[in-house]
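Accompanying notes for the structure given below.
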Amino acid sequence: MRRLSFLLRPGWLALMAVVLLFAYLCFSVLAPWQLGKNSTTSARNDQISRSFDADPVDASALIGDGVVTADDEWRRVGTSGSYVADSDVVVRLRSVGDTPAFEVLTPFRTDEGATLMVNRGYVLPTQGVEVPDITPAPSGPVSLDGRLRVAEPPVDGKPPVTGPGLPQVYTITPGQVGELTGTRPIDGYLQLAEDQPGGLGVIALPQLDAGPYLSYGLQWLAFGLMAPLGLAYFVRAEIKERRRVRGETDETTDSASDEPVGPADREPTPEYDDGLDALLTPRRKRRKAGSAGSGASAVTDDRLADRYGRRR
C-alpha cells in the first residue's frame, strides 16, 4: 500500500473529491434533468399527434371535475356559450418566434354553466412594449373549437399588474385571472384554433421534435463514467513514473558501489595502540641523548690525546 500513499497528499485528495462530486452530479442531477425533459417532450408530442386523428369532443365531458388533467391536454374540444364582456386580461412576456408579444385571455361561460378561460391568441406591441388596442370578443352565443391546456403555475414574486389599461399577468393561472375578472373559471384553459369567433393571432402548436435532450442526457452519463476512468488513468501513470524513477535511482547506486577503489581512495588502517608508546618515548629519548653524549665525549678524548699524547 506504500505505493499508493501519494494519494493522501492534499492535491490528490482535492482532485479525487472534485471527480467524485462531478460524477455524482452527472448521475443524480444533470442526466436525469435532461432525460426527464426528453420524456416530457416525447409525451407531449404523442398527445399532440393523437389529437390530430381524434375527433373533437364536447368540452363538458372532460372538464366536469373542474380541472383539465395532463392526460386530456391538447385534446380537441368544442363548446358553446358566450364571452364575459369587458373581462380581457393580458399575459406578459410572450413571444411569437423571436418577436415579443402579448396573449389575451377572456372568460367564457358555457351553456352548462361552467366558466372556461379562453386564450384568444396573441397581439404584437405597436410602440415599444405598450399593449395595443385589442379587438373585443363578440357578444352573444357562439361556438368555439380549440385544444384544452393545463393551467400554468404562478411565478413567485410576480403578482398581477393592475392600473391604467387592461390588467396583466405573467402566467395563465385561471385562479389568478378569476380574481381580476370576478369569475371562477375551472383549473385549465382553452386555446383557440384558427378562424374562431373572437380569435386573434393563432398560437402555433409546438414542433413535434424531441429535441436534443436525449443526447444531452446520454452525454452526461458518459461524462459521469469518463471522470473516474480519467482519474484511474492518472493514478496509474503516476505509479509507473514513480517506479521508473525508483529503478533509475537503484541502478545509479549499484553502479557506484561496483567501481574499484584505488590505494589513494582507501582509508588508512588505524594501528593498534596499546599505550606503551607514551610510556617508552621519554626513555627512548634519554637513550638517544645518552648515546649521543657518550659518542661526543669519546671524540673529545681522542682529540685531546692526539694533542697532548696518547694515553697509555
Side-chain angles (χ1 to χ4, degrees), residues 29 33 36-37 40-41 44 59 62-75 77 79 81-110 113-139 144 146-193 196 198-206:
V29 178
W33 168 48
K37 293 179 70 174
T40 302
T41 304
R44 182 203 66 187
L62 301 178
I63 61 175
D65 296 333
V67 61
V68 176
T69 64
D71 294 336
D72 294 329
E73 190 171 21
W74 301 107
R75 289 284 301 273
V77 297
T79 185
S82 59
Y83 287 103
V84 179
D86 300 326
S87 58
D88 292 335
V89 176
V90 175
V91 186
R92 297 167 56 94
L93 303 180
R94 300 289 162 141
S95 62
V96 179
D98 296 330
T99 304
F102 300 98
E103 294 181 5
V104 181
L105 306 177
T106 306
F108 185 84
R109 188 167 288 112
T110 66
T115 301
L116 179 63
M117 193 63 57
V118 176
N119 187 345
R120 295 168 53 198
Y122 69 86
V123 292
L124 300 178
T126 54
Q127 296 181 354
V129 293
E130 294 183 3
V131 180
D133 294 334
I134 297 174
T135 303
S139 59
L144 302 178
R147 297 177 184 273
L148 290 179
R149 296 293 310 275
V150 174
E152 300 175 1
V155 178
D156 294 335
K158 290 188 176 182
V161 179
T162 57
L166 298 176
Q168 302 179 22
V169 293
Y170 291 91
T171 59
I172 305 178
T173 306
Q176 196 176 67
V177 178
E179 295 177 359
L180 297 173
T181 58
T183 59
R184 299 182 61 183
I186 67 169
D187 191 19
Y189 65 97
L190 178 69
Q191 182 173 307
L192 283 185
Q196 297 298 308
L200 301 172
V202 179
I203 300 175
L205 295 176

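Numbers for residues simply follow the sequence, beginning at 1.
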Does [X] reach the side chain of [Y], with side-chain heavy atoms less than 4.5 Å apart?
| X | Y | result |
| --- | --- | --- |
| Arg184 | Thr115 | no |
| Glu103 | Ile172 | yes |
| Tyr170 | Val161 | yes |
| Tyr83 | Pro107 | no |
| Thr126 | Val131 | no |
| Val91 | Thr171 | no |

Inter-residue atom distance [X].[atom1] - [Y].[atom2], 0.5 Å rounding:
| X | Y | atom1 | atom2 | result |
| --- | --- | --- | --- | --- |
| Met117 | Thr173 | CE | OG1 | 10.0 Å |
| Leu62 | Arg75 | CG | CZ | 5.0 Å |
| Asp86 | Thr181 | CG | OG1 | 11.5 Å |
| Asp88 | Gln168 | CG | CD | 12.5 Å |
| Ile63 | Thr79 | CD1 | OG1 | 6.0 Å |
| Leu116 | Leu144 | CG | CG | 8.5 Å |

Please name the pair of heavy atoms, one in [X] and one in [Y], separated by the smallest distance, quoted to 0.1 Å.
| X | Y | answer |
| --- | --- | --- |
| Val118 | Phe108 | CG2-CB, 3.4 Å |
| Pro100 | Pro125 | O-CD, 3.3 Å |
| Gly66 | Ile186 | O-CB, 3.5 Å |
| Val150 | Val68 | CG2-O, 3.9 Å |
| Leu200 | Tyr122 | CB-O, 3.7 Å |
| Ser87 | Thr106 | OG-CG2, 4.0 Å |

### Query
Between Ser95 and Thr99, is there a donor-acceptor pair closer than 3.5 Å when you use the side chain of the first and the backbone of the second?
no
### Task
Using a strict 4.0 Å threshold on nitrogen-to-oxygen distance, state whether Arg94 and Glu152 make a salt bridge.
yes
### Task
Scan side-chain atoms only and decide if Gln191 and Asn119 contain a donor-acceptor pair under the 3.5 Å cut-off.
no
#### Entry: Audit row: Leu124, Phe102, side chain to side chain contact (heavy atoms under 4.5 Å, CB included) steps and yes/no
CA-CA 6 Å; Leu124 300 178; Phe102 300 98; over 6 Å; no
### Task
Starting from the C-alpha separation in whole Å, work towards a yes-or-no answer on side chain to side chain contact (heavy atoms under 4.5 Å, CB included) for Val169 and Val89.
CA-CA 7 Å; Val169 293; Val89 176; 4.0 Å; yes
### Task
Determine, step by step, whether Arg147 and Leu190 satisfy the side chain to side chain contact (heavy atoms under 4.5 Å, CB included) criterion, reporting the C-alpha distance in whole Å, the side-chain angles of both residues, the deciding distance to 0.1 Å, and the verdict.
CA-CA 6 Å; Arg147 297 177 184 273; Leu190 178 69; 5.7 Å; no
